[in-house]
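What follows is a short report on a single structure.
As a basis for the values below, the full set of heavy atoms in this structure was taken, side chains included, without hydrogen atoms, waters or symmetry mates. Proteins come first, then strands; the chains are lettered A, B, ... in the order of their sequence lines, and each starts at number 1.
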Protein chains: 2
Amino acid sequence: MGFREDVRKIKALTDENRLAIMLALQHGEKCGCVLLEELNITQPTLSHHMRILCDSDLVVGRKDGKWMYYSISPEGVAAFREMIGTYARCDCEGGNETGNCCCSVGA
Amino acid sequence: MGFREDVRKIKALTDENRLAIMLALQHGEKCGCVLLEELNITQPTLSHHMRILCDSDLVVGRKDGKWMYYSISPEGVAAFREMIGTYARCDCEGGNETGNCCCSVGA
DNA sequence: TTGATACATTGACAACTATCTATATATGTG
DNA sequence: CACATATATAGATAGTTGTCAATGTATCAA
């Protein structure tokens, strides 16, 4: 199966700085230079992380003049969570089909 | 914030073999030797992966004689999805509080 | 055009990870 | 006890990843 692509996408969230970036973007788009002020990393490192987040489709970038505005992708986030749900799930009494399974928690 | 612990847990799902294991356990517990037959890896490598999955609380192990039976942890899975949801989320029109946000998809 | 700003790319390096072989431990069987 | 089976641990190694300094590219203003 195509586990490789899923692994690649999940890896987008396996870095402390990238988690911080996801939180930083939660209330709307920000440009790179603003993110840079919030994270104790250099500009090339931020560029590296933004590329990974965009490649995972969790984040989208919009270029405006010399600025890059980044924002959470609602579609990407939804697809991500759905994908995670295919692996982080179980068959408990409620059943997954009915939506009553404990795995529906935090959905 | 404690991103480190979250990163460690998310890393549990960033390996193709571990994703395959999560799927293999989805319909009930299996002992290590059965998993070993389904995955083209050596026994020490399986042991390594099971340790990581158990450390992440996505899987629990039960020792019975010389066998180790592994199964999905419903609580661990629920906590994992909830944790993922704190990072893979957005503020779109529906709003996160009401549960109508697009980020509720695949929950 | 010159200079400043925002961002991307390159190359190097340390840290981490998945994998294997070899070996150890534990359990059950004759 | 000796032996087989199931699993864990140790050590080695190749590949990956996050980071930085240095440099390149693009945009805008004076």
Side-chain angles (χ1 to χ4, degrees), chain A residues 1-25 28-71 87, chain B residues 1-25 28-71 87:
Chain A
M1 295 130 198
F3 292 148
R4 194 168 324 171
E5 267 305 287
D6 288 341
V7 166
R8 189 182 60 77
K9 291 198 173 192
I10 300 172
K11 279 186 180 175
L13 293 190
T14 56
D15 178 86
E16 295 190 54
N17 284 311
R18 291 198 290 272
L19 291 188
I21 292 168
M22 291 301 290
L23 293 188
L25 293 179
E29 69 177 10
K30 286 184 181 175
C31 90
C33 54
V34 169
L35 288 173
L36 194 53
E37 292 172 352
E38 305 182 19
L39 307 165
N40 279 335
I41 55 178
T42 63
Q43 179 271 319
T45 298
L46 175 66
S47 189
H48 167 72
H49 288 311
M50 297 321 294
R51 180 173 165 74
I52 290 175
L53 286 173
C54 289
D55 283 350
S56 77
D57 293 327
L58 285 168
V59 169
V60 287
R62 172 176 72 85
K63 183 169 173 142
D64 181 18
K66 57 180 174 178
W67 292 282
M68 272 296 295
Y69 286 98
Y70 296 102
S71 58
Y87 302 106
Chain B
M1 297 131 199
F3 293 149
R4 197 169 323 172
E5 266 304 286
D6 287 342
V7 165
R8 190 183 60 77
K9 291 198 174 194
I10 299 172
K11 278 186 179 175
L13 293 190
T14 57
D15 178 89
E16 295 190 54
N17 283 311
R18 290 198 290 272
L19 290 189
I21 292 168
M22 291 301 290
L23 293 188
L25 294 179
E29 70 176 9
K30 287 184 180 176
C31 91
C33 55
V34 169
L35 288 172
L36 194 54
E37 291 172 352
E38 306 181 20
L39 307 164
N40 278 335
I41 55 178
T42 63
Q43 179 271 319
T45 299
L46 175 66
S47 188
H48 167 73
H49 288 311
M50 297 320 295
R51 179 171 166 76
I52 290 174
L53 286 173
C54 289
D55 284 350
S56 78
D57 293 328
L58 284 169
V59 169
V60 287
R62 172 177 71 86
K63 181 168 172 140
D64 180 18
K66 58 180 173 177
W67 293 282
M68 274 296 294
Y69 286 97
Y70 296 102
S71 58
Y87 302 106

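Within the 4.5 Å cutoff, the side chain of Phe3(A) has heavy atoms near those of the Leu23(B) side chain. Contact annotation: the side chain of Ser71(B) never approaches that of Leu25(B) to less than 4.5 Å [non-hydrogen atoms, C-beta and beyond].
Residue-environment remark: CZ (Arg8(B)) exceeds the threshold of 12 foreign heavy atoms within 6.0 Å.
Note that the first and last nucleotides of DNA chain C, 5' to 3', having any atom under 4.0 angstrom from a heavy atom of chain B are dT17(C) to dG28(C).
Per the geometry, OH belonging to Tyr70(B) stands 7 Å off P belonging to dT7(D), to the nearest Å. Distance Arg8(A) CZ to dT16(D) P: 14 Å, rounded to the nearest Å. Rounded to whole angstrom, the span from the CG atom of Leu36(B) across to the P atom of dA6(D) amounts to 9 Å.
Of all non-hydrogen atoms in Asp6(A) and Leu19(B), the two that sit nearest each other are CB-CD1, 4.1 Å. Between Ala20(B) and Leu39(B), the shortest heavy-atom contact is CB-CD2, 3.7 Å. When every heavy atom of Gly61(A) is checked against every heavy atom of Tyr70(A), the shortest pair comes out as CA-CD2, 3.9 Å.
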Reading nucleotides 25-30 of chain D from the 5' end, what letters show protein touch, with B for base, S for backbone sugar-phosphate only, - for no heavy atom under 4.0 Å? -SBS--
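Near DNA chain C, meaning a heavy atom under 4.0 Å from it, residues 37-56 of chain A has Gln43(A), Pro44(A), Ser47(A) in order of number.
Taking the side chain to side chain donor-acceptor pair (under 3.5 Å) definition, one finds that Arg62(B) meets it with Glu29(B), sequence neighbours left out. By the side chain to side chain donor-acceptor pair (under 3.5 Å) test, Lys11(B) is found to be paired with no residue, residues two or more places apart in sequence or in another chain being considered.
Judged by distance alone, with hydrogens and angles left aside, the side-chain atoms of Lys30(A) form a donor-acceptor pair with the main-chain N or O of Ala24(A) at under 3.5 Å.
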Give every donor-acceptor pair under 3.5 Å between a side-chain atom in residues 42-50 of chain B and any protein atom, sequence neighbours left out.
from: Thr42(B); atom 1: OG1; to: Thr45(B); atom 2: OG1; distance (Å): 3.1
from: His49(B); atom 1: ND1; to: Arg18(B); atom 2: NH1; distance (Å): 3.0

